[in-house]
Peer 1: 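Dropping a structure here in structure tokens format, bear with me for questions.
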Protein chains: 2
Amino acid sequence: MGVSLKDIAERAGVSLATVSNVVNGYRPVGERTRQRVQQAVDELGYSPNLSARHLRRGRTGLIALAIPELNNPYFAELAEIAITEAAGLGYTLVMENTAADRGAELALLGGSRRNTIDGLILSPVRIGRQEVLSRTADTPLVLIGEGVYDVPHDHIAIDNVAASHAAIQHLVAIGRHRIAFIGATPGGDRQSAHLRVRGYREALAAAGLPYRSRLVARTDAFGRLDGKRAMRDLLALGDPPDAVFGYNDLVAIGALRALAEAGHRVPEDVAVVGIDDIEEGRFSTPTLTTIAPDKGEIARLAVRRLIARIEGAEVAGPLTVQTPFRLIRRESTGTPGG
Amino acid sequence: MGVSLKDIAERAGVSLATVSNVVNGYRPVGERTRQRVQQAVDELGYSPNLSARHLRRGRTGLIALAIPELNNPYFAELAEIAITEAAGLGYTLVMENTAADRGAELALLGGSRRNTIDGLILSPVRIGRQEVLSRTADTPLVLIGEGVYDVPHDHIAIDNVAASHAAIQHLVAIGRHRIAFIGATPGGDRQSAHLRVRGYREALAAAGLPYRSRLVARTDAFGRLDGKRAMRDLLALGDPPDAVFGYNDLVAIGALRALAEAGHRVPEDVAVVGIDDIEEGRFSTPTLTTIAPDKGEIARLAVRRLIARIEGAEVAGPLTVQTPFRLIRRESTGTPGG
DNA sequence: GCGCGGCTCTATAACGTTATACAGGCGATG
DNA sequence: CATCGCCTGTATAACGTTATAGAGCCGCGC
């Protein structure tokens with residue numbers, strides 16, 4: 001099949017080991033022989049057989065990014081950056097779809113892909129601290145996004161409570177008093193939903209506004225349709241909200257749709273804020289005010305940390321890194337001038 | 001590190017080869033020994049080292065899906081299905097981002113990943129028949145989506161001309177006369193753009209409408225922003241269009257945004273149609289009429305064909321498969337009742 | 001002149017798997 | 001009873017790479 005080290009060695013009249021050393025610089029090689037080998041490599045068009053290399057090295061060169069939904073634009077944007085970063089560091093990133101399924105998350109955590117991948121970046125939604133702590137697999141693991149804290153693994157995330165707080169603060173600042181939250185999972189195990197509700201409650205309290213449980217809408221999932229349904233229910237209340245904060249941009253966009261169908265004006269009647277800053281929200285009508293996490297920072301940091309662990313490098317600094325976020329004001333909460 | 005065949009063999013008191021045969025059924029094994037081996041496998045928790053297997057078999061178990069933009073929801077939806085299908089057939093799918101770059105497409109075609117993957121599904125946008133024909137790599141290749149015809153490879157796509165034709169026909173049917181097209185690349189090499197423009201022209205001709213080159217807007221890329229800019233330019237014409245057909249849903253959504261900003265009503269002043277049926281268009285305001293390709297069929301077919309080729313199976317039927325599409329009427333062209 | 005260290009390079013043993021060639025046993029067939 | 005073929009199982013040679021041990025050579029210092 002392909003050209004192997006042996007072919008190069010014969011061509012250049014040197015030993016196998018020398019070719020290997022030229023190719024990956026493990027030990028120095030004399031200038032003259034180096035050139036001869038290099039020439040043979042170029043002429044025959046050699047590229048190493050990765051399966052063999054990995055077998056020998058005990059690594060596969062693959063890392064997995066496991067996310068709950070590939071379709072969610074937030075994760076798609078994150079994935080794109082992560083793929084590029086990994087490629088730049090000599091690794092191939094494969095996407096793993098957990099479909100927000102607890103069993104799938106547990107399987108990955110337990111090492112179902114142990115022999116396929118060198119490391120795992122996981123965005124957990126249905127598992128918590130306990131499950132992570134009791135894992136036995138020794139594949140390096142980096143957690144992103146959700147609230148699994150105090151575990152001996154790298155964890156990259158925004159401060160969910162603070163982000164939520166900032167969103168509500170903004171709605172308060174533009175004069176809203178009946179602020180709803182869409183995307184709670186009261187009995188559920190979605191960690192970040194709890195955290196975002198907590199931020200919501202804290203911000204209300206800080207503003208001296210009452211917490212009304214009827215304004216906290218639970219959803220089964222976190223897509224556009226879920227947001228739309230929840231908004232419809234909220235509008236059916238005797239005293240509907242004058243502002244809504246969605247668990248994420250998709251939910252918020254679903255809410256926008258429900259408001260449009262019901263003939264309400266945004267932001268005049270109801271203001272809307274989301275989280276994620278997906279591109280869709282920059283082109284919706286109205287455009288969507290949102291909390292923008294630094295996706296580039298999250299993705300790159302996660303990949304770099306993981307690879308550092310794989311390669312046994314010392315990683316400075318704390319395990320948990322909170323990446324910055326900022327509020328981006330758009331039409332759905334009224335432009336600053338108006 | 002992990003448990004190897006050898007460990008199992010020792011534990012069960014049989015030879016290496018027998019364990020291998022139990023594990024992957026290459027040759028029959030007696031019932032008694034099979035059970036003993038199976039027990040050892042279960043007890044020690046063995047799973048095969050894929051690098052070694054791949055080295056020996058000459059395959060990696062990886063296939064790549066190379067697309068021009070991971071961020072485009074159309075491709076994200078496609079990718080999700082493809083990943084699942086591939087996993088079901090025992091392969092891992094890795095995403096490769098060509099970023100619509102000609103060099104990247106050529107490199108992949110030329111086999112830059114030869115040693116990493118067993119096969120490639122490519123959505124070409126900057127290369128054509130010639131480039132595919134002159135490729136020397138022997139890795140199985142399946143083309144999807146764009147117009148590279150008459151090449152000795154599997155090719156899964158919708159009939160771009162017919163799809164475009166159907167969209168225009170619909171706009172004609174609801175009484176529009178000045179129909180614009182957004183997303184042409186006159187000098188460019190985007191094949192499907194040419195085909196969709198052709199369908200546009202044919203449908204105009206069939207309806208007895210004149211072709212006006214000023215109503216064909218060229219764009220550099222095919223995202224929301226490109227659609228928005230092009231629409232703005234079209235609105236600046238002395239006699240603006242009363243309908244717009246976008247190269248894809250993203251472009252159409254950008255057009256919707258430009259129309260909203262300029263204060264035009266959709267569909268009363270301008271009707272809008274896209275292609276792809278991405279979920280975003282079911283929640284935009286107004287919702288977007290679109291040509292819906294069968295994404296599940298495209299993705300699954302592409303993966304199945306590729307794997308069949310990799311495994312040397314005979315594949316019945318023609319190389320080129322045109323998958324069905326249908327028009328989905330939504331608010332942006334007026335509901336059927338109104 | 002001898003020994004020693006440094007510099008290049010070579011030979012070779014793994015890594016864990018699968019496919020091939022082969023060996024032994026046992027029943028059926030002539 | 002010899003022969004053939006089938007059924008189980010074994011031994012072993014690859015697959016292509018990298019790391020380790022060591023061989024040869026040269027110059028330097030004693």
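Here is the naming used below: chain letters follow the sequence lines, and residue numbers restart at 1 for every chain. FYI, side chains are in, hydrogens and waters are out, and symmetry mates aren't considered; it's all heavy atoms of this structure.
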Peer 1: Quick one: label A/Asn21 by what it contacts on the DNA or RNA (base, sugar-phosphate, nothing), any heavy atom closer than 4.0 Å.
Peer 2: nothing
Peer 1: Are any of the side-chain nitrogens in B/Glu105 or B/Arg126 under 4.0 Å away from the carboxylate oxygens of its partner?
Peer 2: no
Peer 1: Given atom CD1 of A/Ile8 and atom P of D/dG16, what is their separation to the nearest angstrom?
Peer 2: 13 Å
Peer 1: Looking just at side-chain N and O atoms, do A/Gln39 and A/Glu43 make a donor-acceptor pair shorter than 3.5 Å?
Peer 2: yes
Peer 1: Which whole-number value in Å describes the distance from A/Arg32 CZ to C/dT8 P?
Peer 2: 13 Å
Peer 1: In whole Å, what is the span from the NZ atom of A/Lys6 to the C1' atom of C/dA11?
Peer 2: 14 Å
Peer 1: D/dT8, D/dT10, C/dT17: which one has an atom nearest the side-chain heavy atoms of B/Leu16?
Peer 2: C/dT17
Peer 1: In whole Å, what is the span from the CG atom of A/Asn24 to the P atom of D/dG16?
Peer 2: 17 Å
Peer 1: For residues A/Asn97 and B/Glu80, is any side-chain donor paired with an opposing acceptor at under 3.5 Å?
Peer 2: yes
Peer 1: Please check the phosphate of D/dT8 (OP1 and OP2 only) for any side-chain N or O of B/Tyr26 closer than 4.0 Å.
Peer 2: no
Peer 1: Expressed in angstrom and rounded to an integer, what is the separation of B/Leu50 atom CG from C/dG16 atom P?
Peer 2: 13 Å
Peer 1: Return the 5'-most residue of the pair A/Leu55, B/Ser15 with respect to DNA chain D, ranking by each residue's nearest nucleotide.
Peer 2: B/Ser15
Peer 1: Atom CD of B/Glu31 and atom P of D/dG9: how far apart are they, to the nearest Å?
Peer 2: 10 Å
Peer 1: When the distance from CZ of B/Arg27 to P of D/dC6 is rounded to whole Å, what number comes out?
Peer 2: 14 Å
Peer 1: I'd like to know if B/Asp118 pairs up with B/Arg59 as an ion pair, taking the criterion as any Lys NZ or Arg NE/NH1/NH2 lying under 4.0 Å from an Asp or Glu carboxylate oxygen.
Peer 2: no
Peer 1: Between C/dT17, D/dA11, D/dT18, which nucleotide gets closest to the side-chain atoms of B/Leu5?
Peer 2: C/dT17
Peer 1: Looking at A/Arg53, I'd like to know whether one of its side-chain N or O atoms comes within less than 4.0 Å of OP1 or OP2 on D/dT18.
Peer 2: yes
Peer 1: For the residue pair A/Arg56 and B/Ser51, confirm or rule out a side-chain donor-acceptor distance under 3.5 Å.
Peer 2: no
Peer 1: For A/Thr33, report the nucleic acid contact type (base, sugar-phosphate, nothing); a contact means any heavy atom under 4.0 Å.
Peer 2: sugar-phosphate
Peer 1: Please determine whether a side-chain nitrogen or oxygen atom of B/Ser4 lies at a distance below 4.0 Å from atom OP1 or OP2 of C/dG16.
Peer 2: no
Peer 1: Any side-chain N or O of B/Thr18 below 4.0 angstrom from OP1/OP2 of D/dT10?
Peer 2: yes
Peer 1: C/dT18 phosphate, OP1 or OP2: any side-chain N/O from B/Ser20 under 4.0 angstrom?
Peer 2: yes
Peer 1: From the options C/dT17, D/dG16, D/dG9, select the nucleotide whose nearest atom is closest to the side chain of A/Arg56.
Peer 2: D/dG16
Peer 1: When you measure from the side chain of A/Ala52, which nucleotide among D/dT18, D/dT17, C/dT10 comes out closest?
Peer 2: D/dT17
Peer 1: Send over the distance from A/His54 NE2 to D/dT17 C1', rounded to a whole Å.
Peer 2: 11 Å
